[in-house]
Structures are given as C-alpha cells and as structure tokens.
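In what follows, every heavy atom counts, from backbone to side chain, and hydrogens, waters and symmetry copies are set aside.
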Amino acid sequence: MQTDREHRLRDNLGQTFLYTRWPQYEEDRQLRDEAVIRHKVFAQQHLQVIAESGTDPFHYGLLDLWLDVYHEPWAQPRTLAKLVDELAEKIASGELRVYLEDSLMWRHVSAGSVSSASGVNLTRSEPEGQSQRPDTARTPVAFVTGGKDDQLLKILLENDGDPNSRNADNQPAIFAAIG
C-alpha cells in the first residue's frame, strides 16, 4: 500500500472500521489495538461481513481500498470472493491495518464491563435477590461459538480469547462449539 489515504467502511452493526497502512495511537500515545487479528481466515470473515452489510451494495468502498493497496486498475478482481481474498492477504501480512473507529462502547463490552460511555447500564436485569451478570454473549468467543465456526474459534482462542466466556444463558460458551 503506497498511499497515506485512509478508508472507512461500515459493517451491519453500524460500526465504522478504519483501514490504513500506518499504526494508530491513543491520546496517551499508546499503540491502538487492531480490530482484526492478522490471520487470513479472520480477515476474510471480517471483510465478508463488511461486504454483506448492505451499506455499500456495489462494493465500491472495498474496490477503492483494493485499488489503493494494489495500484493495478487493469488487474481488478472480477469477483467479490477474489477481492475479499486479496485484501485479507494484505491484512494478514500487516501491510493493511484495521481499527474500530466507533470503539468507545465496544471497548467497554469487550473488556467485560457493560456500561456505555454515556453511563447507560447494558446488563440484563435478574430476578430480585440474584446478582446482575454482564451480557457476555457479546464477547467475541461467545459470539463465534454461537455461529459454530470452528476455524474462527480456534484463531480467537490462540490469540488470547477468553475460553471462560459465557453465553446469554450463563452457560460456558465453549460448550456450544463442542456440542
């Protein structure tokens, strides 16, 4: 990727992802965590969600990103699968970085806290006398185990995903992947 241009694409949940070749930093000069693990399968899954989100029905955003990465308009991929595959290779190699822009609420949820930045409590209410528990079905491991995607689950667990995550029924999420 030879350009300094940044690209922003949205997924079906309305989250905006920033695609750039340069590392991004927080206000306290700490390196920001990337939103996509540098693994081709995980990157393909992420890009496929972006493509199927409906926010860009003709995939012009992904094609524009591809053109900035490859600089070969004569060699544009003819299919969406090829476009996603080639961009996933660049993400996996580290040449293309992906950051979550609308990340304030997502950081709270993925860190185990379920209060949004505005102070809205996102926990499920329990019957009186029982303690409230976080809606852990939003953790990446719980989300993937519900979808029965073995490869993606393996990648998450290899990259410090929490195997003790619980699903919305307060059962270990990993059981959904096994059973």
Side-chain angles (χ1 to χ4, degrees), residues 1-26 31-111 116-117 122 135 137-162 165 173 177:
M1 186 168 181
Q2 300 172 359
T3 184
D4 292 338
R5 197 168 142 204
E6 296 177 341
H7 294 266
R8 288 172 175 78
L9 299 172
R10 288 187 161 244
D11 69 356
N12 54 351
L13 298 175
Q15 297 173 328
T16 303
F17 291 90
L18 170 71
Y19 297 82
T20 182
R21 75 179 244 194
W22 301 109
Q24 299 287 307
Y25 294 92
E26 301 286 350
L31 190 62
R32 280 182 65 190
D33 292 330
E34 293 183 43
V36 177
I37 297 170
R38 289 187 186 175
H39 192 282
K40 187 174 178 181
V41 174
F42 193 77
Q44 284 174 326
Q45 184 81 16
H46 164 76
L47 290 166
Q48 196 63 41
V49 167
I50 295 286
E52 294 172 356
S53 70
T55 57
D56 183 17
F58 299 107
H59 314 297
Y60 291 135
L62 285 173
L63 184 58
D64 192 33
L65 176 61
W66 185 92
L67 286 169
D68 270 1
V69 170
Y70 284 95
H71 297 286
E72 298 174 351
W74 59 89
Q76 292 180 33
R78 296 188 184 268
T79 64
L80 177 61
K82 184 74 172 161
L83 177 73
V84 164
D85 187 56
E86 290 181 7
L87 286 173
E89 286 176 9
K90 293 296 184 179
I91 292 171
S93 71
E95 293 178 54
L96 183 61
R97 298 168 188 265
V98 184
Y99 297 97
L100 184 59
E101 283 226 318
D102 301 336
S103 60
L104 193 54
M105 184 175 145
W106 180 249
R107 283 186 197 159
H108 288 288
V109 171
S110 63
S116 69
L122 301 174
D135 185 4
R138 294 176 182 236
T139 65
V141 171
F143 181 75
V144 169
T145 56
K148 308 278 193 230
D149 190 341
D150 298 337
Q151 275 189 319
L152 199 53
L153 178 61
K154 180 181 175 195
I155 293 166
L156 276 173
L157 292 174
E158 287 174 351
N159 289 282
D160 299 327
D162 183 11
S165 296

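- Of the inter-residue distances, the one linking L100 atom CG with Q15 atom CD reads 5.0 Å to the nearest 0.5 angstrom.
- Shortest non-hydrogen contact noted between A92 and R38 is O-CB, 3.8 Å.
- Residue E34 comes nearest to R97 through the heavy atom pair OE2-NH1, 3.2 Å, listed as atom of the first residue, atom of the second, then distance.
- The shortest non-hydrogen separation linking P77 to K82 is CB-CG, 3.7 Å.
- Rounded to the nearest 0.5 angstrom, Q24 CD and L31 CG are separated by 9.0 Å.
- L47 approaches V84 most closely through the heavy-atom pair CD1-O, 3.6 Å.
- Put simply, CZ on R5 and CG on D68 are 4.5 Å apart, with the number rounded to the nearest 0.5 Å.
- The CD atom of E6 sits 4.5 Å away from atom CG of L18, with the distance rounded to the nearest 0.5 Å.
- Atom CG of D33 is surrounded by 12 or fewer heavy atoms from other residues, nucleotides or ligands within 6.0 Å.
- The shortest distance between side-chain heavy atoms of Q76 and L67 falls below 4.5 Å.
- Using cut-offs of 30° and 60° on the angle between ring planes, the pair H46 and Y19 is tilted.
- Put simply, CD on E89 and OH on Y70 are 5.5 Å apart, with the number rounded to the nearest 0.5 Å.
- Smallest separation of non-hydrogen atoms from L9 and G61: CD2-CA, 3.7 Å.
- At least one side-chain heavy atom of L80 sits under 4.5 Å from a side-chain heavy atom of Q48.
- The side chain to side chain contact (heavy atoms under 4.5 Å, CB included) check on P57 picks up nothing, with sequence neighbours excluded.
- Ion pairing of R21 with E95 is absent here, as no side-chain N (NZ or NE/NH1/NH2) approaches a carboxylate O to less than 4.0 Å.
- Side-chain contact between Y99 and P23 is present, with heavy atoms from C-beta onward closer than 4.5 Å.
- The aromatic rings of Y60 and F58 sit tilted, their planes meeting at an angle between 30° and 60°.
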Next on the checklist: Does D85 form a side-chain contact (heavy atoms from CB on, under 4.5 Å) with K40? I'd like the steps, not just the answer.
Outcome noted: CA-CA 8 Å; D85 187 56; K40 187 174 178 181; 2.8 Å; yes

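- At a threshold of 4.0 Å, the pair K90-E86 does not count as salt-bridged, since none of the basic side-chain nitrogens sits closer than that to a carboxylate oxygen.
- Atom-to-atom distance recorded for Q44:CD and L87:CG is 10.5 Å, nearest 0.5 angstrom.
- The two atoms that bring A35 and F17 nearest to each other are CB-CE2, 3.8 Å, heavy atoms only.
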